Structure formats: structure tokens, C-alpha cells
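Here the structure is a predicted model, which means the values were calculated and not measured.
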Amino acid sequence: MSYELLHAVKKLSLLPCLLGALVLVGCGSDDDDNQSASSSSSSSSSSSSSSSSSSSVIGVWPDINIEGAGAGTLRIYWDAVADASFYRLYKDPDGASGFTQVGDNLTSPEASDSISAHLARWPEARYMVEACSDADNCSSSNEATAVNAMLSSIGYLKASNTETNDWFGWSVDLSDDGSTLAVGSPQEDSQAQGANGDQTDNNTFAAGAVYVFAQTNGNWQQQAYLKASNTEAPYEDDSGNTLVRGQDRFGYAVSLSADGNTLAVSSLREDSNATGINGDGADNSALDAGAVYLFERTNGNWTPTDYVKASNTPEQEALSSSSSSSSSSSSSSSSSTTTTAGDRFGFSLTLSGDGNTLAVGAIGEDSSAGGINGDESIDDLTASGSSGAVYVFTKGDANWAQQAYIKAETPAAADQFGFSVALDYNGNTLAVGASTEDQAGNGVNQEIPSTDDVRRKGDSGAVFLFTRSATTWSQSAYIKPDYSVRIFNISSYTTDYSQLLFGTSVSLSADGKRLAVGAPGDGSRATGINGDPADYTEADPNYSSDMVSYFNSGAAYIFDNLADGWTQTTYIKASNPDPSDAFGSTVRLSGDGRYLAVGAYLEDSASLGINGDGSNNNMLNSGAVYLFNQDAAGEWAQLSYVKAPESDPQDRLGRSLALSHDGSRLAAGAHRESGAGTGTEADPSDNSANAAGAVRIY
């Protein structure tokens with residue numbers, strides 16, 4: 001189950017589209033080059049330029065041209081200046097800091113500048129070039145901006161075997177330095193196994209795949225195509241009919257170590273009844289039990305290393321096998337005669353930065369055990385069905401082993417503990433989201449009632465924090481937001497906490513002292529930082545409690561571990577909240593904790609690029625990402641409103657997010673994007689591969 005399935009109904013009325021132009025400003029010029037951004041599916045390739053002016057020292061300056069040259073790169077070039085021996089490129093990043101030289105002196109009339117599109121001050125930044133005959137005899141060009149190069153500086157990555165409904169970009173992760181990217185494509189159909197197998201044999205529907213890209217000298221290239229070690233092949237039943245199990249969904253979640261050399265991949269609908277590490281993955285009698293696969297990179301080569309299962313994989317979960325048509329391109333699930341849902345081990349996962357600790361969420365796990373390392377064998381479907389669990393594994397002497405089996409202290413049915421997980425760098429702090437946990441109340445470490453009669457329905461959600469001392473885990477905090485609106489439910493004549501879905505996503509800073517939490521169900525009308533979370537307006541009270549004015553607009557929260565413990569410090573809303581945008585469905589902190597990216601993959605604006613007009617809701621579910629940063633005084637503010645450089649309805653940008661450690665690189669998945677191109681040089685204008693998926697690099 002994904003958040004998309006929890007809230008499939010989207011508003012039908014849209015605001016008119018008013019798409020603003022991106023205008024280049026050449027300082028001191030009456031001959032500025034202007035270009036309007038287009039809403040079509042092709043990015044701008046035009047360059048920015050300055051107007052020519054006469055040099056008082058040498059030559060005559062021509063125009064300066066600035067254009068995007070791929071992900072995070074600008075190309076600045078000009079005609080050679082007479083009598084110039086060398087050139088210097090200068091940049092003022094914000095129009096106020098002053099010019100400093102970019103790189104070394106240049107002998108040719110061309111240079112490049114590495115930029116972060118999502119952090120750049122596009123209207124204010126200025127470039128200038130000096131032409132020098134010697135160190136004391138130089139002439140400066142006019143200043144120029146690069147606004148019109150914005151769209152073409154945003155990277156566009158596709159699979160090497162793009163096909164309809166593969167959902168490339170459903171999951172993403174980056175190494176700390178931003179030079180390694182893993183992309184999950186859980187509906188890819190190849191029958192291949194392991195690393196770099198045959199991509200063309202599409203006989204196993206929704207088997208799933210992961211693609212690894214590496215950046216060298218500013219250029220992204222696919223480094224590996226990874227599959228499960230036990231991808232299922234078609235088989236014949238007793239009547240001679242060819243069947244395909246499929247639907248393992250390898251690539252549903254991905255996580256990289258900080259150095260990018262260890263990769264964990266989940267396959268949440270894998271059916272093996274194996275338990276523990278490197279068991280037999282061939283017996284498919286535990287429908288949708290789930291699995292995790294580990295890979296290592298050495299000298300650029302990826303190798304599968306470990307096959308990880310829960311310690312309590314059900315012995316027999318299904319009464320009939322899972323099957324679907326290999327010829328179908330739909331994403332619908334096959335029917336089954338199971339009486340209980342699969343554990344879905346791998347719904348969420350996270351690797352510690354050092355690559356030595358792995359945490360895996362299993363939202364369908366049914367044990368009634370509470371706390372750490374309880375009795376995992378006792379299932380109570382009525383009281384604790386799909387209560388969820390998290391499993392922690394550690395690597396010692398190159399061997400992985402399960403270290404802990406973690407449940408909420410008072411597990412309850414359908415709480416989905418493990419919906420999201422996050423680890424700090426050394427793996428000693430673990431955050432676990434339970435997005436549909438129903439406990440009433442607010443704040444940190446409130447008392448949790450032990451009986452259901454004092455619970456309140458409503459999927460308010462919660463986050464649990466655990467810490468490790470040596471090899472022993474303990475719960476350190478139980479977190480709810482400081483405020484949750486209470487709404488009268490006309491159908492049950494009770495007052496319930498609203499469906500915040502707090503804990504749908506979680507993220508920790510590398511030091512484990514800052515926590516970000518997404519709550520895409522939040523319905524307040526607040527905007528920006530620390531608005532009023534109580535600003536709700538209910539619709540007609542004769543209808544259900546769900547009908548509030550900004551239902552599912554979403555919110556994000558920041559908690560800091562201060563001297564007196566964990567404290568909510570910031571409540572964050574989008575700058576342009578609308579009902580059903582699902583802001584907070586994904587949150588990612590940079591490793592240093594200074595930047596926060598928040599995905600709103602059902603946001604509707606037709607804006608393109610960075611900081612466009614977010615009010616023109618004419619592009620249904622195109623999706624957006626919002627970037628926030630903390631200043632030196634500790635105050636948070638929205639820095640960027642991020643869209644794709646070309647956009648279409650249902651692209652769903654922001655369903656997955658990743659940030660480098662310093663926040664300078666942002667990757668955002670758009671798993672329903674329809675470009676038919678392949679690889680790192682694809683043309684986004686051919687939208688003939690519905691829901692093939694893409695990843696944007698900023």
C-alpha cells in the first residue's frame with residue numbers, strides 16, 4: 001500500500017493558467033534578449049547574453065552567451081577579443097556579494113560554471129568576463145544573467161530500456177557527495193538477474209529494476225543495471241498453461257551508503273519463505289513477504305552480496321500463487337485467495353551513512369509483540385494485523401546479521417509501524433514512522449494508553465525514535481505534532497483527530513540530532529513557516545469529517561534534540577498550499593541538516609523551473625519540490641519552489657527525493673513522466689511512453 005492509494009481522489013476544478021516569462025537582464029543594455037518559458041514538453045536551449053560594449057583598453061567586446069550544458073553546468077562563451085592574451089570569468093552569485101573569479105585564467109573564449117539549479121539566485125546572479133593583454137591591461141564585458149539558461153541546466157535521466165509503465169524514479173537516493181545516484185523502477189519487466197543482465201526480455205511483469213548512475217566531470221552516465229538474484233521466470237502449471245508470478249517490485253525502495261559503494265534495494269512483494277540472511281529464495285509460498293538485496297561497488301563494478309529476509313517470514317501466506325499477465329502494462333495487482341496480507345518486508349528501508357547498519361520496515365507484519373525483540377511468532381490479526389515492524393541488521397566482518405526486531409510498545413491493527421524509516425550516519429539513531437497510528441494527543445513522550453478503548457480513530461500518525469548503545473536498542477522518544485485539529489465526525493458522533501498521516505516520511509541529519517517528518521494529510525490553510533496549524537475551515541457538517549477546506553494539502557515538521565530533549569521547532573507549509581497536493585509525502589534533510597526538501601507530488605502548478613508562479617493550477621498532479629534552508633540565526637525559510645523544466649499532467653515530480661550531504665545536489669523522481677527516450681541524453685519531447693518515469697537532477 002502506498003500513500004497514493006490512501007488518497008486517490010483529486011480535486012476536479014482547476015484555476016486558469018497564467019505562465020510568466022523568464023526574462024534575461026543584461027545590465028546597462030537596451031538590447032536584452034527575452035525568452036518566454038513554454039509549457040510544452042521540450043526544454044529551452046536558448047542562451048543568455050550580454051550586450052556588446054566598446055573596450056577602452058583592447059579590442060571590442062562581443063556578446064557573452066550563457067547556456068545550460070546539462071545537469072548543474074553552465075557554459076559561458078564569447079567571440080575572441082582582439083589582442084587578448086587570456087580571459088577571466090567572474091561571478092556575483094546573488095547580485096550583492098560582489099564579483100569573484102571562477103576558476104583559473106582562460107586561454108580560449110569559453111568557460112563553464114558548476115551550479116546548483118535549486119539553490120541559484122537566478123534573477124540576481126551576474127557573470128562578467130575580462131579580456132587581458134597582460135595582468136595590468138584588461139577590459140571588462142557588460143554584466144549578464146543566466147535566467148534563460150535555467151531550464152537547460154536541469155538534468156534529465158531515463159532508463160537505458162525505457163518502456164511504458166516502468167515507473168522509473170519511484171525511488172531515488174544519492175551518495176553524500178552527490179556523484180552516485182540509485183533509481184528504482186519497480187514495474188520494469190525484465191527477467192534478468194543480478195548485475196547488468198539482459199534488459200530486453202520482458203517476460204516477468206513488474207519484476208522491477210534499479211539503475212545506478214555516476215557523475216564524472218559534470219557528466220552523468222549509467223554505471224549499472226541491477227536486478228534481484230531470484231527474478232522469477234515464466235513456468236507451466238499442471239495443465240500446461242504458461243504462468244508468470246512476477247510483481248516482486250524490486251526497486252520499491254533504495255538506499256545508498258554515504259560513499260555510494262553500498263546499496264540496499266527492497267522488493268516488497270517478493271514471495272520467498274526464506275528467513276534471515278542468504279536463505280533459499282526459490283520457494284514462493286509466502287506471498288508478498290518481501291525481501292531486501294544488498295550490492296557492493298568495487299572499482300566501478302557492482303556485485304550482489306546478500307539476500308535479506310525477516311526472521312519471521314510466514315511459512316505459508318497464500319492459498320494460491322500470485323500471477324499476472326506478462327503482456328499487461330497495467331499496474332493493477334493480481335487477485336489472491338490469501339486470508340491475510342503479506343508482511344511486505346521492504347516497504348521502507350534505510351542504510352546508515354557508514355554502510356554498516358540496515359533498517360527495514362514491514363508494514364504488514366502482524367505480531368502482537370511490543371517493544372524490542374519480543375515474541376515475533378504470535379500473530380493476532382484482529383488486534384495487531386498490519387501493526388507493522390522494523391528489523392535492524394548490522395554488518396560485522398563482512399557478514400550481515402539481524403540485530404533487533406522492533407515494534408511499537410503497544411502495537412495496534414493497521415498502525416503500519418515502519419511506513420518510513422531513517423538512520424543517522426553511524427546507525428545509532430533510528431526514526432520510525434507509523435503514519436496510520438491512531439493515538440489521540442500531541443507533543444513528545446506523552447503517555448500511550450495500553451487499551452484500545454481510549455484510542456481515537458483518524459490516522460493521526462506518530463514517529464518513534466530509538467537509540468543504540470553498543471548492540472542494545474531502546475526507545476528514546478514517541479513523537480506527535482504539537483497540535484492536531486479535532487473534527488466532529490457526523491457518521492460516528494465522535495470527535496476524532498484529523499488524518500494527518502504524520503510519519504508518512506521521516507529523515508534524520510547525519511548526526512541524528514535533527515528530524516524531519518512529513519504529514520501529507522494536514523489540512524490547515526497556513527502557509528510558509530510556523531503558521532497557524534489550527535486554521536481549518538470545515539465544509540458542510542452534514543458530511544464526513546474528511547471534508548475540510550484544505551484536506552491533504554500537507555505539512556512538514558522539524559524536531560531538534562536540544563538540551564531538554566526532542567522538541568518541535570518548526571511547522572512548515574508550502575508557499576502555495578492547495579487541497580490534495582500531498583506536501584510532505586516525502587521529506588529529505590541534507591546530511592548537515594541545513595537544507596530540507598519536501599515533495600508534493602500531487603501539486604498542480606504549470607510553472608517551470610525554479611521559483612515560478614505557483615498559482616496557475618493547470619497541470620494536474622505534475623508535482624513540485626520545495627526547498628527550505630536554515631540561516632545563521634537558526635530561522636527556516638523557503639528558498640526554492642522547484643518544478644521540472646518541462647511538465648505534463650500526472651508526471652508526479654517529488655514522489656521520491658534525495659539530497660547530497662551539503663544540499664548542493666537534488667534528485668527528484670517523476671515516476672509517471674512519459675518521455676520515450678533512453679539514457680542521459682534523452683529528448684523529453686516524445687511523450688509516447690506513458691508512466692515510463694524520469695529523474696530530474698538539480
Side-chain angles (χ1 to χ4, degrees), residues 20-37 43-70 72-154 218 608-612 639-640 645 664 698:
L22 296 175
V23 180
L24 168 71
V25 178
C27 297
S29 167
D30 295 324
D31 188 25
D32 296 337
D33 176 25
N34 297 295
Q35 180 201 0
S36 296
S43 62
S44 167
S45 61
S46 67
S47 63
S48 301
S49 65
S50 68
S51 299
S52 59
S53 63
S54 297
S55 167
S56 59
V57 181
I58 59 172
V60 176
W61 262 105
D63 290 345
I64 299 173
N65 304 290
I66 305 175
E67 65 183 18
T73 304
L74 294 179
R75 177 177 175 244
I76 302 99
Y77 60 100
W78 55 94
D79 290 339
V81 176
D83 301 324
S85 299
F86 60 90
Y87 305 92
R88 296 181 179 130
L89 174 65
Y90 292 90
K91 179 181 180 179
D92 180 350
D94 53 17
S97 299
F99 285 96
T100 56
Q101 186 171 350
V102 178
D104 298 327
N105 293 344
L106 306 163
T107 56
S108 61
E110 181 175 348
S112 63
D113 186 28
S114 297
I115 53 102
S116 302
H118 59 298
L119 302 181
R121 302 284 187 88
W122 288 99
E124 293 86 12
R126 298 288 188 271
Y127 288 89
M128 179 181 69
V129 175
E130 281 186 340
C132 303
S133 57
D134 55 56
D136 298 320
N137 191 18
C138 299
S139 178
S140 298
S141 70
N142 283 351
E143 299 173 9
T145 68
V147 173
N148 280 358
M150 176 203 301
L151 301 184
S152 50
S153 72
I154 299 171
L608 302 178
I610 311 301
N611 291 329
L639 181 64
S640 301
S664 63
Y698 297 86

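Side chains of Arg75 and Ser112 form no contact here, defined as non-hydrogen atoms less than 4.5 Å apart. With a 4.5 Å cut-off on side-chain heavy atoms, Ser640 and Asn611 count as touching. Tyr77 places a side-chain heavy atom less than 4.5 Å from the side chain of Glu67. Within the 4.5 Å cutoff, side-chain heavy atoms of Ser153 are placed close to those of Ile115. Residues Ile64 and Tyr127 form no side-chain contact, since every pair of their non-hydrogen atoms from C-beta on lies 4.5 Å or further apart.
With rounding to the nearest 0.5 Å, the separation of OG in Ser152 from CD1 in Ile154 is 8.5 Å. In this structure, the separation between CG on Asn65 and CH2 on Trp78 is 10.0 Å, given to the nearest 0.5 Å. Atoms OH and CG, from Tyr87 and Asn105 in turn, are 12.0 Å apart once rounded to the nearest 0.5 Å. To the nearest 0.5 Å, the span separating NZ on Lys91 from CG on Leu74 amounts to 7.0 Å. The distance from the CZ atom of Phe99 to the CZ atom of Arg126 is 7.5 Å, given to the nearest 0.5 Å.
For the residue pair Ile610 and Met150, the shortest heavy atom distance occurs at N-SD, 3.2 Å. A pairwise comparison of heavy atoms in Leu639 and Arg121 identifies CD1-NE, 4.3 Å as the closest pair. The minimum heavy-atom distance linking Cys138 with Arg88 is given by the pair SG-NH1, 3.7 Å.
Side-chain atoms of Trp122 do not come within 3.5 Å of backbone N or O of Ala149 as any donor-acceptor pair.
No more than 12 heavy-atom neighbours from other residues, nucleotides or ligands sit within 6.0 angstrom of CG on Asp104.
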